[in-house]
Every structure is written in C-alpha cells, then in structure tokens.
Amino acid sequence: MSIETLKKQIKEGISTAIEKAFEVKFESEIKLEIPPEEQNSDFAFACFPLSKILRNAPFKIASQIAENFPETDFLEEVKAVGPFLNFNLKKESFFKTAIEQILEEGESFGSTDFGEKQKFLVEYSSPTTNKPLHLGHIRNNFLGISISRILKMAGYEVETVCLYNDRGIQICKSMLYYEKFENGNTPEKAGMKPDHYVGDLYVKFSKLEKEQPELTEEVQEVLQKWEDGDEATIALWEKMSDWVYEGYNATYKRLGSSFDYTQFESDTYKLGKEISLKGLEKGVFFQKEDSSIWIDLTNEGLDEKLVVRKDGTTVYITQDFGTAAERSEKINFDKMIYIVGNEQEYHFQVLFKILKKYGFGWADECFHLSYGMVDLPSGKMKSREGTVVDADKLLDELKNIAKEKMRTDNIEMNETEIEELAEAIGHGAISFFILKVHPNKRILFNPAESVDFQGMTGTYLQYSHTRICSILKKFGKNLPMEVDFSLLAEPEEVAILRLISNFPEIVKEAAIGQNPSKIASYSYLVAKNFSKFYDRHSVLSLENESQIQARIALLQAVKITLANSLYLLGIKAVEKM
RNA sequence: GCACCGAUAGCUCAACUGGAUAGAGCAACAGCCUUCUAAGUUGUAGGUUGAAGGUUCAAGUCCUUCUCGGUGUACCA
C-alpha cells in the first residue's frame with residue numbers, strides 16, 4: 001500500500017462511476033488535483049474537460065460521478081462542489097499509508113521511476129580559468145547541483161560534467177603579466193588564495209593594457225606560442241592553471257559542487273577541428289575562397305556560421321563539437337543538458353543545429369537550460385572593472401553574519417561545530433535565495449538587503465528541521481511496531497499529511513520543468529505547516545503515550561520530507577542551531 | 001531592424017502548466033515566551049496581474065498589437 005495506490009484507486013473509481021452513469025467506456029488519463037485549502041479535502045477532480053465528451057454540464061457530471069462512485073473502504077466521502085469533485089480519505093488509513101511509506105523509504109522518499117533510468121548528462125559550472133568564481137557562477141553551480149539531484153530523484157541516471165575553458169587570450173594575459181612583473185612570485189608568498197592571485201594579475205593587466213596598447217600585441221604572441229606548443233609557455237600555463245584549479249576546488253567544496261567528469265577545452269578543441277574537417281568532406285560544411293570553413297544555416301532560419309578561420313585556428317563554437325562528441329562516445333548519454341546563462345541562447349541554437357546536420361542523432365536530446373543573469377543595483381558585473389561579487393567573499397560574509405546572530409546560550413556546541421553551523425547557515429541562505437527564483441528570471445542582487453535569515457529563507461527551513469530533530473531526540477525511544485494513527489486528526493496534522501504525501505509529485509514536476517524553485521516553495525510550505533503545528537500543539541507533554549507516538553511518527557515523516565527537499569536544494573539539514 | 005526572455009502588493013518572489021475567492025516573505029502597525037529552540041507564531045493593511053483587443057464554460061497563464069527593461073544578432077569567449 002502506498003500513496004500512489006490510494007490515488008490510483010480514486011482514479012479507477014472515477015472511471016467506473018463515469019461508465020456507470022453515462023454508459024460510456026472511459027479510458028483517458030484522469031488528473032487528480034490538490035484542492036485549495038478552504039475546501040478541506042485531500043484530492044480533487046475538475047469535471048470541465050469531460051463536458052464535451054459526455055455532452056453534459058460539468059456540475060451535473062460531478063454530481064453523477066459522486067452518486068455512482070463505487071463503495072470503498074478507504075474513502076470518507078466524495079462530494080460534488082459545483083463542477084468539482086472533492087475526495088476525502090479516511091484519515092486513519094491515509095495517515096497510516098503515507099507515514100509508513102515515508103518512514104520506510106527514508107532518504108529515497110520522493111523517488112519515482114519517471115525517468116526510466118535514462119542517462120541524463122548535466123553540464124554545469126564550466127568557468128573560464130583566469131579568474132575566481134563570482135556570483136554568476138554561484139547561480140550556475142546551485143542550479144547544477146539542484147537539477148542533477150532532482151533528476152536523479154525523478155528516476156534518471158545522472159552524471160555531471162564540468163568543462164574548463166582553459167585556453168585563449170584571457171589566461172595569456174595573466175601569464176604575460178606574471179612573466180613581466182611577478183618575478184617568480186607564488187600565491188603562497190603573496191598570501192592569497194591561488195585563483196584570486198591569478199585573477200588579480202588579469203585585472204592588473206587589463207588596467208595596464210589601457211595605458212600601453214602595445215601589450216595587446218604581446219599577448220597575441222603568447223597565445224601564438226601556446227598554440228605552437230612552446231615548452232616554456234606551456235609550463236607557465238600549466239602552473240597557473242593548476243593554481244586556479246586548486247582555488248576552484250576549495251570553492252566547489254564549499255558550494256557543494258562535484259563532477260563525475262571534467263573536460264578541458266585545450267583538449268577538445270582539436271577534436272572539434274577534426275569534426276569540422278570531416279564535415280567538410282561529408283559536405284556538411286563548405287569552404288570559402290580564403291579557405292575558411294563555414295556552415296550554411298540559412299534554411300534553418302539562422303545565418304552562415306564560421307567554424308574554422310582561414311589561418312586554420314578554431315573559434316569558440318568549434319570546440320563544442322568536440323566536447324559534445326567526446327561525451328557521446330565516452331559517456332553515452334540519453335539526454336544532455338547544458339546549464340549556461342541566457343546570453344548564450346543563440347550559441348546553443350546554432351550548436352544543436354550543427355550537431356544535427358553533421359549527423360549526430362542525439363543532438364535532438366540536447367537542451368540548453370538558460371538562466372537569467374545576476375545583476376547588481378549598479379548594473380552588470382564586470383570582472384575587468386572589478387565590480388564582481390566574489391563567491392568566496394560572499395560565502396565568508398554570510399558565514400560571519402550567521403555566526404553573529406547565533407545564540408549559543410541554549411545549545412551546547414564546541415568551536416568546530418559553531419564554525420560548521422555558521423557555514424551551513426550562510427550557505428543555505430544564499431542557496432535558497434538564488435534557487436527560489438525561477439531560472440528564467442534575472443536576479444537583482446542587492447548585497448545589503450538581499451540575503452535574509454528570516455521569513456521565507458534557507459535559514460527558516462533549517463531552523464524548522466532542527467526543531468523537529470530536537471523533539472525526536474528528547475523522545476529518544478523507538479516507536480512500537482503498531483502506531484495508532486486514529487489519534488491524528490487535528491487540522492494542522494491533516495494539512496501536513498496532505499503536503500508531505502504530495503512530495504514525489506512535486507519532485508516530478510520540478511524534474512519536468514528543470515526548475516528547483518518548485519522545490520523551494522514546496523519545502524517552505526512544509527516548514528510553515530510544521531511551525532504552525534508546533535505553535536499550537538505540543539507533543540512530548542501529552543498524557544496519552546499512544547498519542548505521543550502517533551505525533552512522533554508524523555514528525556519523523558515531516559523530518560524526512562523536509563530533509564529530502566533540502567537535499568534537492570543542496571542545503572544542509574542541520575540538527576541543532 | 002530582427003530573435004529570445006521578463007513585467008504580478010511599496011520591495012523580493014509564488015501561483016499544481018488553462019481551473020475553485022491571485023498567495024507568501026520583507027518593510028509598517030497590533031498581539032503571543034513559567035510550556036518540545038521566538039532565526040518562531042497570530043492578526044491588520046496592501047492588487048484593474050505593464051496597456052488594449054481576442055480565443056474559451058473558464059485567462060496572471062494561450063493568440064495579436066503596443067509600452068518598458070534585459071539579452072543576443074562576431075573570423076570574442
């Protein structure tokens with residue numbers, strides 16, 4: 001017995017009632033809805049879509065179905081409210097079914113087989129390796145972490161991949177500045193986090209370049225040397241790249257990012273060029289008089305697009321052929337999603353069309369999850385102008401605020417625990433702040449006001465979780481095999497039951513829409529309903545031990561649901577705060 | 001110019017993908033701690049969903065036009 005079977009039985013009942021009342025075979029999919037709270041019902045069915053098929057007014061259909069609904073042992077009542085049908089389950093069996101299922105499934109509660117084990121490859125983060133990560137990357141990483149977890153819970157097999165854009169003119173700028181002015185310096189000697197050190201050189205170079213335009217030519221020479229494989233240049237490039245990765249890894253760890261695969265543009269661009277040449281043979285691409293290679297997309301409503309320059313060097317999009325092809329070969333995915341900002345929409349439109357034309361059938365299974373920019377009140381973040389919100393600094397800042405606000409009087413904690421907790425709260429706050437917004441939308445980030453610890457925030461979710469933990473810990477016993485679920489009947493308890501039993505459905509919706517904000521609003525609702533319950537009812541001080549047990553069972557189920565949705569948001573479910 | 005995205009309460013966001021009276025948080029005001037953590041909770045106030053048409057039994061959601069904001073339209077990445 002599961003929540004799913006309960007719903008299935010209702011759907012079957014509806015079909016049967018329709019057939020009985022209208023004498024037609026009814027086979028189309030029935031969609032149960034969650035009724036508005038005021039209706040005080042568990043499930044609802046809207047009869048409007050039936051009115052054409054059954055040639056009857058919706059309100060009439062509703063009452064007919066209600067009248068002809070078969071006898072069941074799990075339903076309390078079926079009532080027609082205008083054109084809607086509202087269903088109320090017998091509360092004892094609803095509580096029993098849902099809670100037992102949740103407690104049994106534990107960490108995997110929320111999982112469905114919706115994705116049919118198809119392999120979903122998720123690319124995210126993919127930074128340009130000449131500067132530290134900033135707020136824009138934070139949004140990207142949080143989306144990547146969350147979406148990959150959501151897809152997994154929805155029944156896909158998920159692999160993550162990060163592509164490092166590790167070649168090109170930007171990294172050469174940092175290299176040139178280093179050679180000219182840094183005199184064998186290291187991040188360690190400079191006392192800086194290594195990616196910040198490299199990023200600093202880039203900013204310094206950009207400033208200098210404005211005064212000394214001849215530097216631009218010098219950088220081109222460095223790039224040329226790099227392309228020619230000049231030993232000293234490659235060695236310097238490797239040294240500086242390693243510094244950047246060292247820095248990134250620290251930040252990724254804080255963010256919660258992890259990747260099953262990594263790729264480097266410095267590898268894949270060669271493969272991209274090979275594909276371009278092969279495509280030329282196949283007649284997919286064509287060559288102009290100056291020997292540059294192009295593809296004609298005018299039939300697809302796009303333009304002609306250059307893929308290899310006349311001097312044989314490749315452009316940005318070329319490496320993406322190689323990157324994608326390598327993935328298909330090595331990882332063999334069914335679907336692939338690129339989590340990249342919306343400024344690159346056209347780029348991906350072109351890329352997918354080219355892959356398709358080249359003959360990669362899987363191009364149809366590639367998607368661009370395009371998310372809105374994160375802007376500051378002062379406008380766009382520009383790394384060259386130093387107006388970026390740095391990822392590490394932001395995390396530090398939030399951690400410090402969390403630490404200041406922490407009340408250590410009530411709870412026993414040692415130094416390490418306090419540090420970890422402050423980190424978790426700061427991280428949770430920014431994570432929720434970003435993920436609660438639909439990916440399509442641009443985020444305006446006001447550092448002074450944006451991230452809060454009160455109201456609809458990550459902190460609130462964590463706080464609710466700790467309150468549950470605290471009760472469970474004080475209870476301190478195992479529940480008996482048989483819990484008397486008939487003792488749960490308070491409106492606040494029923495409201496929670498309805499919510500948590502809908503979790504798998506929400507996960508599925510979030511997966512379909514590739515939209516973590518669904519999970520964010522949902523988890524807030526769960527926490528909110530728990531808080532209401534907490535405020536109005538006590539658990540441990542009850543006289544009746546059986547009633548305590550019933551409520552404990554409910555709270556265990558709430559804890560699991562809340563913890564699982566926090567996991568999907570990449571937020572740590574802490575036990576005390 | 002063309003293409004894509006956004007516009008919902010003073011501010012920041014939701015709205016089960018077309019369904020029941022458009023909901024939260026922040027900010028403002030007024031209550032609630034001898035009781036499992038007050039980073040909580042209850043209430044008040046706040047709306048012509050950017051504008052105008054259209055489709056539908058039903059539109060914040062779909063179609064058309066317009067306004068404002070963003071992004072793209074590179075032999076940059």
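Residue numbers begin at 1 in each chain, while the letters A, B, ... track the order of the sequences. This structure is a prediction, so every number in the text was calculated from the model and none was measured. Below, all heavy atoms of this structure are taken into account, side chains as well, without hydrogens, waters or symmetry copies.
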Colleague: Could you state the CE-C1' distance from A/M373 to B/G72, rounded to the nearest angstrom?
Modeller: 11 Å

Colleague: I'd like to know if the side chain of A/S565 pairs up with that of A/S523 as donor and acceptor (distance under 3.5 Å, no hydrogens or angles considered).
Modeller: no

Colleague: Return the value, rounded to whole Å, for the distance between atom CZ of A/F503 and atom P of B/C16.
Modeller: 18 Å

Colleague: Look at all strands and tell whether A/S541 reaches a base, only sugar-phosphate, or nothing, counting heavy atoms closer than 4.0 Å.
Modeller: nothing

Colleague: NA contact type, A/Q39, heavy-atom cut-off 4.0 Å: base, sugar-phosphate, or nothing?
Modeller: base

Colleague: Tell me the interatomic distance from A/I61, atom CD1, to B/A20, atom C1', rounded to whole angstroms.
Modeller: 17 Å

Colleague: Between B/C11 and B/C62, how far is it from one P atom to the other, in whole Å?
Modeller: 23 Å

Colleague: Which part of the nucleic acid, if any, lies within contact of A/P35, taking any heavy atom under 4.0 Å across all strands shown: a base, the sugar-phosphate backbone alone, or nothing?
Modeller: base

Colleague: Could you tell me whether A/K572 and A/E423 have a side-chain N and a carboxylate O separated by less than 4.0 Å?
Modeller: no

Colleague: Quick one: A/E37 CD to B/A24 C1', roughly how many Å, whole number?
Modeller: 12 Å

Colleague: Quick one: which of B/C57, B/U37, B/A14 gets closest to the side chain of A/T466?
Modeller: B/U37

Colleague: Does A/I65 reach the side chain of A/I14, with side-chain heavy atoms less than 4.5 Å apart?
Modeller: yes

Colleague: Could you check whether A/N515 gets within reach of a base, just the sugar-phosphate, or nothing at all, counting any heavy atom under 4.0 Å?
Modeller: nothing

Colleague: How far does the C1' atom of B/G43 sit from the matching atom of B/A24, given to the nearest Å?
Modeller: 16 Å

Colleague: Expressed in whole Å, how much space separates the C1' atoms belonging to B/G10 and B/C29?
Modeller: 15 Å

Colleague: Quickly work out the A/R536 CZ to B/C33 C1' distance and round it to whole Å.
Modeller: 17 Å

Colleague: Using the side-chain heavy atoms of A/V81, tell me which of these nucleotides is nearest: B/A77, B/A20, B/C36.
Modeller: B/A20

Colleague: From C-beta outward on A/K518, which listed nucleotide comes closest to its side chain: B/C16, B/A14, B/U41?
Modeller: B/C16

Colleague: Just call it for A/Y346: base, sugar-phosphate, or nothing, with non-hydrogen atoms closer than 4.0 Å on any strand.
Modeller: sugar-phosphate

Colleague: If you look at every strand shown and take non-hydrogen atoms under 4.0 Å, does A/H465 touch a base, only sugar-phosphate, or nothing?
Modeller: nothing

Colleague: May I ask you to say what A/L525 touches in the nucleic acid, namely base, sugar-phosphate or nothing, with a heavy-atom cut-off under 4.0 Å?
Modeller: nothing

Colleague: Rounding to an integer number of angstrom, what distance separates B/U21 and B/U65 when you compare their P atoms?
Modeller: 32 Å

Colleague: Please state how far atom CZ in A/F59 lies from atom P in B/C57, giving the value in whole angstrom units.
Modeller: 16 Å

Colleague: Below 4.0 angstrom from OP1 or OP2 of B/C4, is there any side-chain N or O of A/R442?
Modeller: no

Colleague: Report the secondary structure of RNA chain B in dot-bracket form, marking unpaired bases with a dot and bases paired to a different strand with |, and treating Watson-Crick or G-U pairs with both distances under 3.5 Å as paired.
Modeller: (((((((..((((.....[...)))).(((((.......))))).....(((((..]....))))))))))))....

Colleague: Can you name the residues that form a salt bridge (Lys or Arg N to Asp or Glu O under 4.0 Å) with A/R498, not counting sequence neighbours?
Modeller: A/D42

Colleague: Counting only distance, no hydrogens or angles, is the base of B/A20 paired donor-acceptor with the side chain of A/N86 under 3.5 Å?
Modeller: yes

Colleague: Look at all strands and tell whether A/V539 reaches a base, only sugar-phosphate, or nothing, counting heavy atoms closer than 4.0 Å.
Modeller: base

Colleague: Would you find more than 12 non-hydrogen atoms of other residues, nucleotides or ligands less than 6.0 Å from A/N414 atom CG?
Modeller: yes

Colleague: The side chain of A/Q344 is closest to which nucleotide in this list: B/C75, B/C13, B/A77?
Modeller: B/A77

Colleague: What is the nucleic acid contact for A/K473, judged by heavy atoms within less than 4.0 Å: base, sugar-phosphate only, or nothing?
Modeller: nothing

Colleague: Which residue, A/K380 or A/A46, contacts RNA chain B at a nucleotide closer to its 5' end, judged by nearest heavy atom?
Modeller: A/A46

Colleague: Under 4.0 Å: is that the gap between some side-chain N or O of A/S538 and OP1 or OP2 of B/C36?
Modeller: no

Colleague: If you assign A/T128 and A/E343 each to the RNA chain B nucleotide with the nearest heavy atom, which residue ends up on the more 5' nucleotide?
Modeller: A/E343

Colleague: With respect to the phosphate group of B/U37, does any side-chain polar atom (N or O) of A/K474 fall under 4.0 Å of OP1 or OP2?
Modeller: yes

Colleague: Work out how far the C1' atom of B/G54 is from that of B/A59, and round it to whole angstrom.
Modeller: 11 Å

Colleague: Looking at A/F530, is A/R467 sitting on its ring face, NZ or CZ under 6.0 Å from the six-membered ring centre and within 45 degrees of the normal?
Modeller: no

Colleague: Return the stacking result for B/G40 and A/Y534: yes when the ring centres lie under 5.5 Å apart and the planes under 30°, no otherwise.
Modeller: no

Colleague: My understanding is that only one of A/L488, A/L525, A/L554 makes a side-chain contact (heavy atoms from CB on, under 4.5 Å) with A/I496; could you say which?
Modeller: A/L554

Colleague: Does either side chain, that of A/D166 or that of A/S241, offer a donor lying less than 3.5 Å from an acceptor on the other one?
Modeller: no

Colleague: Grab the OH-C1' distance between A/Y522 and B/C13 for me, whole Å please.
Modeller: 20 Å

Colleague: Between B/U71, B/C75, B/C16, which nucleotide gets closest to the side-chain atoms of A/I34?
Modeller: B/C16

Colleague: Which part of the nucleic acid, if any, lies within contact of A/R467, taking any heavy atom under 4.0 Å across all strands shown: a base, the sugar-phosphate backbone alone, or nothing?
Modeller: sugar-phosphate

Colleague: Check whether any side-chain N or O of A/N440 sits under 4.0 Å from OP1 or OP2 of B/G6, and answer yes or no.
Modeller: yes

Colleague: Which listed nucleotide (B/A14, B/G40, B/U41) is nearest to the side chain of A/Y463?
Modeller: B/G40

Colleague: What integer number of Å spans the C1' atoms of B/A9 and B/A27?
Modeller: 12 Å

Colleague: For B/C33, decide between syn and anti, treating a glycosidic angle within 90° of 0 as syn.
Modeller: syn

Colleague: Aromatic rings A/F445 and A/F433: how do their planes relate, parallel, tilted or perpendicular, breaks at 30° and 60°?
Modeller: perpendicular

Colleague: Looking at B/A7, I'd like to know if its phosphate oxygens (OP1 or OP2) sit under 4.0 Å from a side-chain N or O belonging to A/K441.
Modeller: yes

Colleague: Take the protein atom CD of A/E33 and the nucleotide atom C1' of B/G18, then report the distance between them rounded to whole Å.
Modeller: 10 Å

Colleague: Within the 3.5 Å criterion, strictly below it, is a donor on A/S292 or A/Q287 matched to an acceptor on the partner's side chain?
Modeller: no

Colleague: Would you classify A/A44 as touching base, sugar-phosphate or nothing, given that sugar-phosphate means primed atoms plus P, OP1 and OP2, and contacts are heavy atoms under 4.0 Å?
Modeller: base

Colleague: Of the options B/C75, B/A77, B/C16, whose atoms approach the side-chain atoms of A/E265 most closely?
Modeller: B/A77

Colleague: Between A/E492 and A/K532, does any side-chain N to carboxylate O distance fall below 4.0 Å?
Modeller: no

Colleague: For the C1' atoms, the ones on B/C13 and on B/C75, what distance do you get once it is rounded to whole angstrom?
Modeller: 43 Å

Colleague: Strictly under 3.5 Å: I want the nitrogen or oxygen pairs between protein and nucleotides 25-27 of chain B, one per line.
Modeller:
unit_1 : atom_1 : unit_2 : atom_2 : d
B/G25  : OP1    : A/K528 : NZ     : 3.3
B/G25  : O2'    : A/M456 : N      : 3.3

Colleague: We want to know whether A/T128 and A/N130 form a side-chain donor-acceptor pair, criterion being a heavy-atom distance below 3.5 angstrom.
Modeller: no

Colleague: Could you give the distance separating B/U56 and B/A45 at their P atoms, to the nearest angstrom?
Modeller: 39 Å

Colleague: Identify the residue among A/E265, A/H347, A/Q344 that makes a side chain to side chain donor-acceptor pair (under 3.5 Å) with A/Y316.
Modeller: A/Q344

Colleague: Would one find a side-chain N or O of A/Y460 under 4.0 angstrom from OP1 or OP2 of B/U41?
Modeller: yes

Colleague: Counting only heavy atoms from other residues, nucleotides and ligands, does the tally under 6.0 Å from CD of A/E545 exceed 12?
Modeller: yes

